[in-house]
Amino acid sequence: MEDTQHIPVLFNETIDALSLENGDTIVDGTLGGGGHARAICAHIGSSGTLIGIDRDSSAIIVAEKNLADASCTKHLVNDNVRNLDSILASLGVDRIDSILLDLGWSSIQIAQEGRGLSFMRDEPLLMTLDPNPDEDTLTAREIVNEWAEESIADIIYGYGEERYARRIARAICEKREEEEIDTTGKLVDVISGAVPKSYHHGRIHPATRTFQALRIAVNDELGSAKDAIRKGVEALKPGGRIAIISFHSIEDRMVKHTLKELAEDGMIDLVVKKPIVPSDEEVRENPRARSAKLRIAEKRV
Ligand SMILES: C[S@@+](CC[C@H](N)C(=O)[O-])C[C@H]1O[C@@H](n2cnc3c(N)ncnc32)[C@H](O)[C@@H]1O
């Protein structure tokens with residue numbers, strides 16, 4: 001993974017939200033290239049501890065380099081943050097001061113060749129957050145070629161909010177009778193042929209929503225994030241903060257819902273009722289930030 005290009009979103013807002021203090025123990029559960037983590041380390045100082053977690057082993061390598069001169073104690077862990085309880089136990093950490101979850105994928109990952117993430121390149125149909133999936137890892141190729149038409153349609157509709165989900169699922173199942181759909185290029189062709197011509201002239205590429213949906217399903221992104229939020233809140237000290245950045249409405253809905261449940265259970269108070277969104281200036285400079293939303297909560301004392 002290259003160590004360029006990913007611009008952390010809602011940067012100052014997120015660092016402020018975490019209420020960082022010298023000596024704090026902080027979890028960055030979605031380390032990526034370490035953009036937010038560098039600032040966290042600077043705020044917690046040499047007596048502070050950063051626990052940085054990422055499912056993608058190549059992200060850990062980039063972050064290690066970017067954090068090499070950061071003076072805080074660093075534990076960089078290649079794991080799913082949904083396993084936060086066991087990760088903290090293995091490090092002998094009982095309670096944390098704050099946790100950041102910057103959900104989704106980094107622009108570095110999307111730009112990486114060979115992962116099947118982009119409909120702009122013809123590649124094997126993988127879409128796994130693990131860059132080296134083994135034969136037991138669920139891939140987009142397995143979903144598209146082996147799952148029932150109705151399940152594929154449900155995924156594309158539920159995780160992609162794609163209005164032509166049923167048509168696309170039907171076209172996928174017809175095509176796979178002829179040949180396996182094993183590349184992004186073949187999938188893009190099937191989607192393009194299944195949707196009306198007018199859809200090709202819309203604001204986004206006709207494959208955008210289907211690719212998003214498959215990526216969410218392959219990596220169980222919503223389930224992982226939900227577990228991470230619950231375990232993160234459990235691990236927080238009273239008064240500790242959780243800050244969560246989501247990238248699309250489906251993710252934000254899950255975050256909002258999970259925080260609401262935790263608030264109703266008396267575990268947290270919401271620090272902001274409405275999510276914080278990027279300024280016009282940030283969106284101009286980094287269009288990828290346009291649908292980002294930051295939600296913040298505090299563990300009850
Ligand atoms: C948007 S990027 C984070 C960028 C980071 N905040 C920065 O400033 O560089 C999201 C990262 O989270 C990782 N990720 C997504 N879901 C994860 C999960 N359930 N467990 C661990 N890492 C995850 C991805 O691999 C990706 O590197």
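For ligands, and for the atoms within them, numbers begin at 1 and follow the listed sequence. Positions are given from 1 along the sequence.
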Could you tell me the separation between the OG atom of S98 and the CG atom of D28, rounded to the nearest 0.5 Å?
11.5 Å

Contact partition for D28 relative to ligand 1, non-hydrogen atoms under 4.0 Å
neither

Measuring from non-hydrogen atoms of D79 to any atom of ligand 1, is the shortest distance under 4.0 Å?
yes

Please identify which atoms of ligand 1 are closer than 4.0 Å to at least one heavy atom of S224.
19 (N)

Testing V271, T258, D252 for side chain to side chain contact (heavy atoms under 4.5 Å, CB included) with R295, which one passes?
D252

Closer than 4.0 Å to some heavy atom of G29 - which atoms of ligand 1 meet that?
21 (C), 22 (N)

Looking only at atom types and distance, does a side-chain atom of D134 sit under 3.5 Å from a main-chain N or O of D136, one as donor and one as acceptor?
yes

State if L31 counts as touching ligand 1 under the rule of any non-hydrogen atom under 4.0 Å.
yes

Is any N or O atom of H36, backbone or side chain, closer than 3.5 Å to an N or O atom of ligand 1?
yes

Relative to atom 14 (N) of ligand 1, which among T30, L10, I110 owns the nearest non-hydrogen atom?
T30

Atoms of ligand 1 close to Q109 [distance to a heavy atom under 4.0 angstrom, numbered from 1]
24 (C), 25 (O), 26 (C), 27 (O)

Is there a polar contact, in the sense of an N or O pair closer than 3.5 Å, between W105 and ligand 1?
no

Under 3.5 Å between any N/O of R82 and any N/O of ligand 1: does that happen in this structure?
no

Any idea which atoms of ligand 1 are less than 4.0 Å away from a heavy-atom of P8?
8 (O)

To the nearest 0.5 Å, what is the distance between CG (L50) and CG (D24)?
11.5 Å

What part of L129 sits under 4.0 Å from ligand 1 if we count only heavy atoms: the side chain, the backbone, both or neither?
side chain

Has ligand 1 got any nitrogen or oxygen that is less than 3.5 angstrom from a nitrogen or oxygen of R288?
no

Atoms in ligand 1 flagged as close to D56, the criterion being non-hydrogen separation under 4.0 Å:
25 (O)

Is there a donor-acceptor pair closer than 3.5 Å between any side-chain N or O of T208 and the backbone N or O of H205?
yes

Hey, which atoms in ligand 1 end up nearer than 4.0 Å to a heavy atom of G32?
27 (O)

Indicate yes or no: at least one non-hydrogen side-chain atom of D182 is less than 4.5 angstrom from one of L125.
no

Donor-acceptor pair, side chain of D97 and main chain of T25, under 3.5 angstrom:
yes

Which atoms of ligand 1 are found less than 4.0 Å from any heavy atom of G34?
9 (O)

From CA spacing to verdict: side-chain contact (heavy atoms from CB on, under 4.5 Å), V255, L103
CA-CA 10 Å; V255 173; L103 301 173; 4.0 Å; yes

Does I15 form a side-chain contact (heavy atoms from CB on, under 4.5 Å) with I40? I'd like the steps, not just the answer.
CA-CA 7 Å; I15 299 304; I40 291 172; 4.0 Å; yes

Evaluate the criterion side-chain hydrogen bond (donor to acceptor under 3.5 Å, both in side chains) for residue pair S151 and D154; output intermediate values, then yes/no.
CA-CA 5 Å; S151 307; D154 287 348; 5.6 Å; no

Closer than 4.0 Å to some heavy atom of D102 - which atoms of ligand 1 meet that?
1 (C), 2 (S), 3 (C), 4 (C), 5 (C), 6 (N), 10 (C)

Using atom types as modelled and distance alone, determine if a side-chain donor or acceptor of R121 lies under 3.5 Å from a backbone N or O of Q112.
yes

